[in-house]
Amino acid sequence: MSQTETSQPKQPSTARKVFAAILDFLFIFFVAGYGVSAVVGGTTSDGFKLEGAPAFVVFGIIVLYFIVGRRYLGGTLFQRLLGAR
């Protein structure tokens, strides 16, 4: 067998990884932000507004989403959908 036949699978492009990360961030920001604001009463007619402790909770959820997704689930939602793992 030649070297190319036994090599690793092709790595996804950097652009695909960046695009997946942006989509992941937007997705979890809006889902977590709206979820936390619904619980603490921060919803507005335009969406949601969070200040102080609820904003830090959303930040923590975002960080956990990326850590758990990458480490334990084999990739975040959009990494898996776009094949950017």
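All residue numbers refer to positions in the sequence shown, counting from 1.
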Specify the closest pair of heavy atoms between [X] and [Y], including all atoms of both residues, with the distance to one decimal.
X: S37; Y: T43; value: OG-CG2, 3.4 Å
X: P12; Y: G83; value: CB-O, 3.6 Å
X: E51; Y: P54; value: O-CD, 3.1 Å

Mind checking whether [X] and [Y] sit in one hydrophobic cluster, side chains of I, L, V, M, F, W, Y counted as touching below 4.5 Å?
X: F27; Y: L64; result: no
X: I61; Y: V31; result: yes
X: I22; Y: L82; result: yes
X: V18; Y: F25; result: yes
X: V36; Y: F56; result: no

Original post:
Within a reach of under 6.0 Å around CZ of F66, are more than 12 heavy atoms found that belong to other residues, nucleotides or ligands?
Top reply: yes

Original post:
Between CG of L77 and CG of L23, what distance do you get to the nearest 0.5 Å?
Top reply: 9.5 Å

Original post:
How long is the span from the CG atom in L73 to the CZ atom in R80, to the nearest 0.5 Å?
Top reply: 7.0 Å

Original post:
Taking the six-membered ring for Trp, is the centroid-to-centroid distance between F29 and Y34 below 6.0 Å?
Top reply: no

Original post:
Residues sharing I67's hydrophobic cluster, by side-chain heavy-atom contacts under 4.5 Å among ILVMFWY, directly or via others?
Top reply: F59, V63

Original post:
Do F30 and F48 come within less than 4.5 Å of each other through their side chains, counting heavy atoms only?
Top reply: yes

Original post:
What pairs of residues pass the side-chain hydrogen bond (donor to acceptor under 3.5 Å, both in side chains) test when at least one of them lies in residues 16-26, not counting sequence neighbours?
Top reply: D24-Y65, D24-T76

